[in-house]
Amino acid sequence: MRVLVTGGAGFIGSHFVRRLAEQGTEVSVLDKLTYAGNPANLEGVEHEFHQGDIADPEAVARAASGCSAIVNFAAETHVDRSILGPRDFVHTDVLGTMCLLEWAREHDARYVQVSTDEVYGDLEAGGRAVETDPLRPSSPYSAAKAGGDLQVLAYVRTYGVRASITRGANTYGPNQYPEKLVPLFATNALDGEALPVYGDGKQVREWLHADDHCAGIELVLHEGAPGEVYNVGGEDHENIEVTHRILELTGADASLIRHVEDRAGHDRRYAVDDTKLRALGWAPEQSFGEGGLPATVSWYRDNRSWWEPIKSGSYRAYYDEQYANRLKA
Ligand code: NAD
Ligand code: TYD
């Protein structure tokens, strides 16, 4: 089996490529190398690399040649950037998904769409989303991902494409671009910079290690049924708890915490029921606060050469647009 991994130079995609390569599976990668794509994530990993856009059918055909399966990680992924400008999100997360599905349809390939728990929108305390729940996305990012999911389900029903969907929780681990909560706060804390907590910080996310997330996706690739959706859950924590744990692990002072203006449309709580994936044999191996988070913070402490070059140039311009006024207020 040769697998096309799209978005394989990004955070979770690169963990997945490494996982398959270590098992001896042949892997082709198609990645546009946007700001979030980083060839360094794949250093030392056996794969065939193609730079290109998943929304470009010719690029897809070149990269997918000889593959019998596609696992689609390629996406615009950051909620705050989607609020600043949603166009690229619709291009990649909806149109790009459709282009990959076209190739899968023409070549009778197996297809896995890597989606997110954010498509369910936020949940009341106590509730957990099951796979059959209606989609109620809140942000331009989650709306684009929901659009991709609907394309997948339409291709299953209309053309018989053998596609499944995973909906994973907030993922953390090494090699995550330092715009999301864990890597942003870990690197800021290591540099003695402010940690901008949106609103009261009592929003709840489920935290899933990248290796556990990839194990779930791989299981769905091999054992998942076409037309079926599988939630991949994590451990629930309030953002402010995660923030304090990062401060402890970096030895930084709580005075770095700054409660800033909230994110527009901010989802209060995500939580999924992952009974269906567990019934296939999946269970997470990493505990967040005691195992996965300390190891991840150590990785950022030990790998400044990976993130310091990122936190300059165009990153700085994004950071200022996103945070300068919030931090001044
Ligand atoms: P990331 O932002 O780190 O990486 C995305 C990758 O996709 C980058 O390498 C980028 O260059 C590539 N890409 C973007 N647009 C492309 C295009 N048009 N054509 C080809 N490549 C393109 O993302 P991530 O955090 O690794 O997320 C991977 C997938 O997992 C996404 O589909 C995301 O929606 C989903 N997901 C992420 C999380 C999370 O917490 N990070 C949780 C659940 C699901
Ligand atoms: P994020 O990592 O952007 O993931 P998502 O929005 O996809 O869940 O954010 C995780 C949580 O952390 C979310 O509730 C927003 C919050 N957050 C902050 O409080 N400050 C920040 O600077 C960032 C990036 C996120």
Side-chain angles (χ1 to χ4, degrees), residues 10-12 15 35-36 75-84 116-118 122-123 138-142 145 168-213 232-250 252 254 256-272 286-301 303 306-307 310-311 315 318-319 321-323 326-327:
F11 164 47
I12 312 172
H15 283 261
Y35 77 92
E76 288 295 335
T77 63
H78 191 38
V79 173
D80 292 323
R81 288 187 193 250
S82 81
I83 295 168
L84 295 173
T116 164
D117 61 0
E118 302 193 25
D122 52 5
L123 280 97
S138 313
S139 70
Y141 162 64
S142 52
K145 291 297 290 185
N170 280 63
T171 305
Y172 70 97
N175 299 97
Q176 184 171 28
Y177 190 88
E179 64 188 354
K180 308 258 169 53
L181 182 74
V182 167
L184 175 65
F185 282 16
T187 55
N188 277 13
L190 288 167
D191 275 350
E193 276 193 48
L195 310 188
V197 173
Y198 294 153
D200 62 8
K202 292 190 184 300
Q203 304 84 359
V204 175
R205 296 292 184 266
E206 284 195 305
W207 294 98
L208 170 65
H209 193 277
D211 290 338
D212 286 326
H213 194 166
V232 195
E235 247 181 67
D236 323 24
H237 293 282
E238 287 185 351
N239 292 340
I240 195 70
E241 282 176 55
V242 176
T243 305
H244 280 288
R245 187 76 180 108
I246 289 173
L247 287 170
E248 256 177 63
L249 291 165
T250 51
L256 292 181
I257 294 179
R258 301 281 298 279
H259 286 271
V260 298
E261 184 195 347
D262 208 348
R263 173 187 279 173
H266 198 169
D267 279 333
R268 198 72 187 160
R269 174 173 174 268
Y270 299 136
V272 292
Q286 305 257 5
S287 83
F288 180 67
E290 297 312 313
L293 188 61
T296 299
V297 169
S298 295
W299 187 87
Y300 283 96
R301 183 186 289 111
N303 287 276
W306 183 86
W307 56 268
I310 294 175
K311 289 187 106 176
Y315 175 92
Y318 161 74
Y319 195 84
E321 186 175 3
Q322 182 62 23
Y323 295 106
R326 281 184 154 101
L327 287 167

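Index from 1, following the sequence. Heavy-atom basis, side chains included; hydrogens, waters and symmetry copies ignored. Computed from a predicted structure; not experimentally measured.
Taking CD of Glu179 as the reference point, atom OH of Tyr319 lies at 12.0 Å (rounded to 0.5 Å). Note that CG of Leu195 and NE2 of His259 are 10.0 Å apart. Values are rounded to the nearest 0.5 Å. To the nearest 0.5 Å, atom CG of residue Leu181 and atom CD1 of residue Ile246 are 5.5 Å apart. Between Asp267 atom CG and Leu123 atom CG the span is 9.0 Å, to the nearest 0.5 Å. The structure places CZ of Arg258 at 5.5 Å from CG of Leu327, a figure rounded to the nearest 0.5 Å. In this structure, CD on Gln322 lies 7.0 Å from CD1 on Ile83, to the nearest 0.5 angstrom.
Screening residues 202-213 for salt bridge (Lys or Arg N to Asp or Glu O under 4.0 Å), with sequence neighbours left out, gives Arg128-Glu206.
Every residue two or more places apart in sequence or in another chain was checked for a side chain to side chain donor-acceptor pair (under 3.5 Å) with Asp122, and none qualifies. Annotation: ring-ring contact (aromatic ring centres under 6.0 Å, His included) contacts of Phe288 (sequence neighbours excluded): Tyr172, Trp207, His237. With sequence neighbours left out, Arg269 forms a salt bridge (Lys or Arg N to Asp or Glu O under 4.0 Å) with no residue at all. Partners of Asp200 under the salt bridge (Lys or Arg N to Asp or Glu O under 4.0 Å) rule, at least two apart in sequence or in another chain, are Arg268. Every salt bridge (Lys or Arg N to Asp or Glu O under 4.0 Å) that Asp80 has, sequence neighbours left out, goes to Arg263.
Of all the heavy atoms in Gly233 and Leu208, the pair that sits closest is O-CD1, 3.3 Å. A pairwise comparison of heavy atoms in Glu235 and Gly289 identifies OE1-N, 4.2 Å as the closest pair. Here the shortest heavy-atom pairing between Gly265 and Ser138 reads O-CB, 4.0 Å. Taking all atoms of both residues into account, the shortest heavy-atom contact from Arg245 to Pro294 is NH2-CG, 3.9 Å. When all heavy atoms of Ala252 and Ala189 are compared, the closest pair comes out as CB-O, 3.9 Å. The heavy-atom pair separating His244 from Ala254 by the smallest distance is CE1-CB, 4.5 Å.
Side-chain contact between Tyr177 and Ile310 is present, with heavy atoms from C-beta onward closer than 4.5 Å. Taking 4.5 Å as the limit, some side-chain heavy atom of Arg326 sits within range of a side-chain heavy atom of Tyr198. Counting heavy atoms from C-beta on, the side chains of Leu247 and Phe185 never come closer than 4.5 Å. Residues Pro196 and Glu261 fail the side-chain proximity criterion, which asks for heavy atoms closer than 4.5 Å. Residues Glu118 and Lys145 fail the side-chain proximity criterion, which asks for heavy atoms closer than 4.5 Å. The side-chain heavy atoms of Leu184 and Asn188, taken from C-beta on, include a pair separated by under 4.5 Å.
The backbone N or O of Tyr318 sits nowhere less than 3.5 Å from a side-chain atom of Arg81 that would complete a donor-acceptor pair. At distances below 3.5 Å, at least one donor-acceptor pair connects side-chain atoms of Gln176 with backbone N or O atoms of Thr171. Counting only distance, with no hydrogens or angles, the side chain of Tyr315 and the backbone of Pro178 share a donor-acceptor pair below 3.5 Å.
With hydrogens and angles left out, the side-chain atoms of His78 and Tyr35 include no donor and acceptor closer than 3.5 Å. With hydrogens and angles left out, the side-chain atoms of Glu76 and Tyr141 include no donor and acceptor closer than 3.5 Å. A side-chain donor-acceptor contact under 3.5 Å links Lys180 and Thr77.
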